Enquirer: 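Okay, handing you the structure first.
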2 protein chains.
Amino acid sequence: MTAQTERRPYRREGEEKRREGLIAAAMELVAEGGPEAATVRAIAARAGVTPGLIRHYFQSKEELTHAAYRQVMEDMTAEAMRACDAIPESDPVSRLAAFIAANFRPPVMTTRSVGVWAGYMHLGRNDPTMHAIHEATYLAYRDRLQSLIAALPRPADPARDRRDAIACNGLIDGLWIEGGSLPDGFAKGEILRIALDGTAALLGIRFPDSFYPDPSDRKPA
Amino acid sequence: MTAQTERRPYRREGEEKRREGLIAAAMELVAEGGPEAATVRAIAARAGVTPGLIRHYFQSKEELTHAAYRQVMEDMTAEAMRACDAIPESDPVSRLAAFIAANFRPPVMTTRSVGVWAGYMHLGRNDPTMHAIHEATYLAYRDRLQSLIAALPRPADPARDRRDAIACNGLIDGLWIEGGSLPDGFAKGEILRIALDGTAALLGIRFPDSFYPDPSDRKPA
DNA sequence: CGGTGAATTATACAAGTGGACAATAAATTG
DNA sequence: CAATTTATTGTCCACTTGTATAATTCACCG
């Protein structure tokens with residue numbers, strides 16, 4: 001047992017690959033065991049690498065944490081934007097529906113991504129960089145939502161659009177957290193249906209049935 | 001510097017006082033610096049006590065954490081219920097409004113309480129006891145909300161009430177988190193107004209003006 | 001008063017943390 | 001093919017963590 005463990009084989013890898021691998025390892029560990037599980041040793045082991053290498057690619061563990069958090073947040077809003085951009089601008093209601101619906105399907109609404117978000121979120125309270133990332137990604141998401149709302153066929157009113165965007169964003173966030181942290185508490189597709197009905201009610205519009213989950217037992221309005 | 005630090009004076013205190021003091025200290029530290037700041041030494045120092053005493057009142061630090069989390073959650077729902085119970089049952093709309101509004105004033109919506117919630121929430125992912133507390137308090141809150149919704153003057157429909165409760169709960173949670181984590185991003189009373197307007201829209205009702213914040217610049221429906 | 005036991009303090013410890021740094025292996029360059 | 005540089009590994013360290021336990025102080029009871 002006290003025998004010298006044999007040296008890990010020297011494996012050279014591309015710089016980008018290594019950075020991504022370390023970030024992905026950190027995210028996985030945070031998702032699985034919270035931030036306290038994402039130690040330098042655990043991250044290195046998960047990435048198939050020696051702990052010392054982390055400091056070669058990141059000036060500190062904190063810097064790796066920032067990179068991972070930024071990636072998590074940007075990935076999620078990028079996913080929603082991608083779904084939205086698949087719909088032509090001539091149909092603003094469907095664009096909004098696609099944007100909203102994307103938040104309640106994998107890869108956005110999973111226990112994993114909600115877990116990562118939950119693990120990192122409290123770090124924004126004291127770490128100024130984390131707070132800045134949080135604020136920037138939150139506002140970017142909400143601005144995008146507001147622009148989709150402003151494109152709806154209704155009288156222009158920026159103040160109202162802002163309030164509606166805040167409300168819709170709150171509803172989306174709350175349902176996303178609940179669906180992700182208590183996945184067994186809801187029927188399949190239930191959260192998505194509630195989110196679409198809810199945002200439609202908030203905005204006084206109606207979304208096409210095609211964005212709702214399959215077993216279409218929606219009640220009439 | 002290496003001089004012997006003088007012994008802390010022996011201060012005897014009631015058992016309840018000590019437990020509450022330790023729980024309060026843990027909550028404060030989590031609110032200020034996240035869970036990693038709530039070490040046994042820091043908690044003891046904040047409570048004006050020696051680290052060893054924690055293990056005299058709690059079998060482990062984990063047990064103290066559970067107690068503190070339970071207290072945080074129960075305090076918040078109790079506050080909302082208290083506000084609600086101040087309104088007679090003959091006015092179900094106002095009772096619901098009072099319940100909702102209580103969530104967007106101190107002591108419920110403060111950076112402190114949102115910070116504690118954020119600091120603890122991810123612990124529910126691996127610790128079964130924390131998960132149970134999370135689920136129990138969440139469901140207790142939502143059930144209360146659902147019963148308030150069911151009391152509204154409208155046709156009885158339990159399935160619809162459930163969906164409405166989930167939606168309203170999501171909106172409340174989302175707005176509460178955003179208002180608490182980005183307190184400078186919103187005007188005074190803005191979140192409360194959006195929450196009342198939002199839940200009213202979700203439920204197809206209208207809340208009395210008296211529950212809205214003072215500078216009443218509400219737009220007509 | 002003297003003794004018993006609980007409440008409180010102080011000390012000690014094993015395990016784990018992030019970080020510094022030297023040793024090594026491979027790629028690159030001349 | 002030698003020299004240099006860079007990527008990667010392994011070792012070490014000072015520090016913190018939660019916990020175990022011994023030493024104190026004090027209230028209470030005979």
Side-chain angles (χ1 to χ4, degrees), chain A residues 1-23 25-26 29-30 33-68 119 123 126-127 129-130, chain B residues 1-23 25-26 29-30 33-69 119-120 123 126-127 129-130:
Chain A
M1 280 309 185
T2 53
Q4 185 73 303
T5 86
E6 60 184 88
R7 189 181 184 86
R8 167 190 294 270
Y10 187 103
R11 274 271 298 156
R12 218 171 177 108
E13 206 64 62
E15 168 169 345
E16 250 350 84
K17 269 271 165 36
R18 277 279 135 95
R19 290 192 112 87
E20 288 172 13
L22 289 170
I23 289 176
L29 286 165
V30 171
E36 66 273 16
T39 68
V40 286
R41 288 167 178 79
I43 294 171
R46 180 67 62 101
V49 147
T50 280
L53 193 59
I54 290 183
R55 295 282 319 269
H56 183 75
Y57 285 103
F58 300 91
Q59 204 169 0
S60 67
K61 187 202 170 183
E62 205 183 12
E63 191 179 307
L64 168 55
T65 300
H66 294 161
L123 296 180
N126 286 345
D127 183 334
T129 305
M130 289 293 268
Chain B
M1 281 307 185
T2 52
Q4 185 73 303
T5 86
E6 60 184 88
R7 189 180 183 85
R8 167 189 294 270
Y10 187 100
R11 273 271 295 157
R12 219 174 176 108
E13 205 65 61
E15 169 169 346
E16 246 355 80
K17 269 273 166 34
R18 277 278 135 92
R19 289 191 113 88
E20 288 172 13
L22 289 170
I23 290 177
L29 287 165
V30 170
E36 65 272 16
T39 68
V40 286
R41 286 166 179 78
I43 294 171
R46 180 65 63 101
V49 147
T50 281
L53 193 59
I54 290 182
R55 296 285 318 272
H56 183 74
Y57 284 103
F58 299 92
Q59 204 168 0
S60 67
K61 187 203 169 183
E62 206 183 11
E63 192 178 306
L64 169 55
T65 300
H66 293 161
Y69 181 59
Y120 279 144
L123 295 180
N126 286 346
D127 182 335
T129 304
M130 289 294 267

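Chain letters run A, B, ... following the sequence lines, proteins first, then strands; residues in each count from 1. Just so we're clear, the structure is a prediction, and the values are computed from it rather than from any experiment. Note: hydrogens, waters and symmetry copies are ignored here, and every other heavy atom, side chains too, is used.
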Enquirer: Can you tell me how far P of D:dA23 sits from OH of B:Y10, to the nearest Å?
Expert: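 From B:Y10 OH to D:dA23 P: 17 Å.
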Enquirer: Between A:R11 and C:dA25, does any side-chain N or O lie under 4.0 Å from OP1 or OP2?
Expert: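 Answer is no, no contact under 4.0 Å.
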Enquirer: Expressed as a whole number of angstroms, how long is the span from A:L53:CG to C:dA22:P?
Expert: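 Interatomic distance, CG of A:L53 to P of C:dA22: 18 Å.
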Enquirer: Is there a donor on the side chain of A:R7 or the base of D:dG10 sitting less than 3.5 Å from an acceptor on the other?
Expert: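 Donor-acceptor pair under 3.5 Å: no.
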Enquirer: Figure out the CZ/C1' separation between A:R12 and C:dA26, and round it to whole Å.
Expert: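 Atom CZ in A:R12 sits about 5 Å away from atom C1' in C:dA26.
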Enquirer: B:Y57 has a side chain; which of C:dG19, D:dT19, C:dT8 sits nearest to it?
Expert: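 Within the option list, the nearest is C:dT8.
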Enquirer: Report the C-alpha separation of B:I23 and B:F58 in whole Å, then their side-chain angles, then the decisive distance to 0.1 Å, and conclude whether the side chain to side chain contact (heavy atoms under 4.5 Å, CB included) test is met.
Expert: CA-CA 10 Å; B:I23 290 177; B:F58 299 92; 4.1 Å; yes
Enquirer: According to a strict under-4.0 Å criterion, is A:H56 in side-chain N/O contact with OP1 or OP2 of D:dA7?
Expert: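 Result: yes.
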Enquirer: When you check the phosphate oxygens OP1 and OP2 of C:dT8, does a side-chain N or O of B:T50 lie under 4.0 Å from one of them?
Expert: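 For C:dT8, neither OP1 nor OP2 has a side-chain N or O of B:T50 closer than 4.0 Å.
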Enquirer: For DNA chain D, whose closest nucleotide is more 5', that of B:A38 or that of A:V49?
Expert: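 Residue closer to the 5' terminus by nearest nucleotide: A:V49.
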Enquirer: Got A:L53 and A:H56 here, is their nearest side-chain heavy-atom distance under 4.5 Å?
Expert: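 Contact flag for A:L53/A:H56 side chains = yes.
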Enquirer: For the side chain of A:T39, starting at C-beta, report the closest nucleotide among C:dT17, C:dA25, C:dA12.
Expert: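 When the side chain of A:T39 is considered, C:dT17 is the closest of C:dT17, C:dA25, C:dA12.
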Enquirer: Identify, between A:P9 and B:G52, the residue whose nearest nucleotide on DNA chain D lies closer to the 5' end.
Expert: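 That would be A:P9.
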Enquirer: Does the A:K61 side chain pair with the main chain of A:A38, one donor and one acceptor, at a distance under 3.5 Å?
Expert: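 Yes.
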Enquirer: What is the distance from CZ of A:F58 to P of D:dT8, rounded to the nearest Å?
Expert: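 Value for this atom pair: 12 Å.
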Enquirer: Write down the distance between CD (B:E15) and P (D:dA27), rounded to a whole number of angstrom.
Expert: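 Roughly 17 Å, once rounded to whole Å.
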Enquirer: Would you kindly give the CG-to-P distance between A:L22 and C:dG18, to the nearest whole Å?
Expert: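 Result: 14 Å.
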Enquirer: B:Q59 CD to D:dT21 P: how many Å, rounded?
Expert: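 After rounding, the reported distance stands at 14 Å.
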Enquirer: Roughly how many Å is it from CZ in A:R55 to P in D:dC12, rounded to a whole number?
Expert: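 The answer, rounded to whole Å, is 19 Å.
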Enquirer: Among the nucleotides D:dC13, C:dA26, D:dG18, which one has an atom lying closest to any side-chain atom of A:R41?
Expert: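 Side chain of A:R41 sits closest to D:dC13.
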Enquirer: Measure from the side chain of B:S60, starting at C-beta and using heavy atoms only, and say which of D:dT19, C:dG19, D:dA27 lies closest.
Expert: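 Taking heavy atoms from C-beta onward, the closest nucleotide is D:dT19.
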Enquirer: For a 4.5 angstrom cut-off between non-hydrogen side-chain atoms, does A:D127 reach A:H66?
Expert: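 Counting from C-beta outward, A:D127 and A:H66 do come under 4.5 Å.
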Enquirer: Are side-chain heavy atoms of A:V40 and A:R55 found at a separation under 4.5 Å?
Expert: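 No. Closest side-chain heavy atoms not under 4.5 Å.
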Enquirer: Looking only at N and O atoms, is any donor in the side chain of A:R8 or the base of D:dG10 less than 3.5 Å from an acceptor on the other one?
Expert: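 No.
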